[in-house]
Student: 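Got a structure for you, questions after.
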Amino acid sequence: MRYWLMKSEPDEFSIDMLAKKKVEAWNGVRNYQARNFMRDMKVGDGVLFYHSSCDVPGVVGIAEISAEAYPDPTQFDARSDYYDAASKREEPRWSMVDVTFKRKLARTIPLTELKDRDELADFVLTRRGNRLSVLPVTKREWDFILGLE
DNA sequence: GCCAACGTTGGC
DNA sequence: GCCAACGTTGGC
């Protein structure tokens, strides 16, 4: 079992929306590195749900992978913001996974707090200049972050 | 709203 | 294959 962190802007899709919907198809990822991480995901993998571009960016909940990578249909939809004219149906360029709600954290664990911790010095999220929306988390980091709750 | 840090695009 | 220009992400 592996662990991941997935970012979402709460104005677009928040942890409360996931709590209500239970399952969300994680479409719209258009970054190769993030896509490749999604292709590595297995059913049951843990996900830290992260709110970005908001008042208090940080980890807000836990989810798990409930469907492994399959083609993201929005890449073929000319009316979608995520349309990619260069992607072929025989060889889809973009993938998505299904994410299922587990629980909301008792409090938001803010990015500022994660940055302060020596234990997270190598954490991909807090490395300089990182903009990945999907990224790996080690078990050590997972346990440590949830220990801050 | 600003801007640093990236990734992508396209001319050459 | 290089690299300048451009677009995007996301914290502040």
Side-chain angles (χ1 to χ4, degrees), chain A residues 2-21 24-41 45-65 68-138 140-149:
Chain A
R2 299 182 64 183
Y3 301 93
W4 311 91
L5 180 143
M6 298 174 91
K7 296 180 186 175
S8 185
E9 299 186 18
D11 289 345
E12 297 291 324
F13 191 77
S14 68
I15 188 68
D16 291 329
M17 292 162 79
L18 183 64
K20 188 173 270 184
K21 278 189 76 176
E24 176 73 354
W26 209 263
N27 63 30
V29 172
R30 295 293 180 271
N31 171 284
Y32 287 105
Q33 217 181 332
R35 180 205 70 180
N36 291 342
F37 286 139
M38 289 202 297
R39 289 182 176 178
D40 286 340
M41 292 175 175
D45 280 2
V47 175
L48 294 176
F49 196 104
Y50 179 93
H51 280 174
S52 65
S53 298
C54 56
D55 283 353
V56 184
V59 177
V60 294
I62 300 173
E64 75 175 23
I65 301 303
E68 289 168 22
Y70 58 103
D72 178 347
T74 63
Q75 69 195 302
F76 304 121
D77 180 358
R79 290 158 305 179
S80 170
D81 288 344
Y82 304 124
Y83 179 59
D84 183 350
S87 182
K88 302 189 187 68
R89 284 186 184 276
E90 316 83 74
E91 196 181 347
R93 177 177 295 181
W94 304 111
S95 301
M96 63 184 187
V97 294
D98 286 355
V99 172
T100 294
F101 179 76
K102 292 279 279 188
R103 70 182 180 89
K104 189 175 174 177
L105 299 189
R107 70 177 185 104
T108 297
I109 301 170
L111 175 63
T112 51
E113 198 170 321
L114 301 178
K115 280 180 167 173
D116 282 346
R117 296 298 191 136
D118 293 340
E119 293 90 339
L120 299 176
D122 295 326
F123 190 25
V124 176
L125 178 74
T126 49
R127 278 206 209 125
R128 199 175 71 120
N130 196 323
R131 300 178 312 161
L132 277 175
S133 62
V134 176
L135 51 96
V137 178
T138 66
R140 182 184 300 269
E141 289 159 352
W142 173 276
D143 290 341
F144 180 78
I145 291 165
L146 293 181
L148 298 173
E149 183 185 5

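Scope of the values below: all heavy atoms of this structure, side chains included, with no hydrogens, waters or symmetry mates.
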Student: In whole Å, what is the span from the CD atom of Gln33(A) to the C1' atom of dT9(C)?
Tutor: 14 Å

Student: Is it true that Glu149(A) and Arg103(A) make a salt bridge, defined as a side-chain N closer than 4.0 Å to a carboxylate O?
Tutor: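 Result for this pair is yes, salt bridge flagged.
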
Student: Taking atom P of dT8(B) as reference, at what distance in whole Å does atom CG of Asp84(A) sit?
Tutor: 11 Å

Student: Figure out the NZ/C1' separation between Lys7(A) and dG10(C), and round it to whole Å.
Tutor: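 So the two atoms are 7 Å apart, to the nearest Å.
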
Student: Do the side-chain N or O atoms of Tyr82(A) get closer than 4.0 angstrom to the phosphate oxygens (OP1, OP2) of dT8(C)?
Tutor: no

Student: By nearest atom, which of the nucleotides dT8(B), dG10(C), dG11(C) is closest to the Pro57(A) side chain?
Tutor: dG11(C)

Student: Taking the six-membered ring for Trp, is the centroid-to-centroid distance between Trp94(A) and Tyr32(A) below 6.0 Å?
Tutor: yes

Student: I need the CD-C1' distance between Glu12(A) and dT9(C), as an integer number of Å.
Tutor: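 My rounded result for the distance is 13 Å.
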
Student: May I have the distance from Lys115(A) (atom NZ) to dC12(C) (atom P), rounded to whole angstrom?
Tutor: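 Interatomic distance, NZ of Lys115(A) to P of dC12(C): 3 Å.
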
Student: The side chain of Thr112(A) is closest to which nucleotide in this list: dC12(C), dG10(C), dG7(B)?
Tutor: dC12(C)

Student: Before accepting this row, confirm whether a basic side-chain N of the pair Asp16(A)/Lys104(A) lies closer than 4.0 Å to the acidic partner's carboxylate O.
Tutor: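 Yes, charged N to carboxylate O under 4.0 Å.
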
Student: Between dA4(B) atom P and Arg131(A) atom CZ, what is the distance in whole Å?
Tutor: 14 Å

Student: What integer distance in Å separates Leu114(A):CG from dC12(C):P?
Tutor: 11 Å

Student: Taking the basic N atoms (NZ, or NE/NH1/NH2) and the acidic carboxylate oxygens, is any pair closer than 4.0 Å for Asp72(A) and Arg30(A)?
Tutor: yes

Student: What integer distance in Å separates Arg35(A):CZ from dT8(B):P?
Tutor: 10 Å

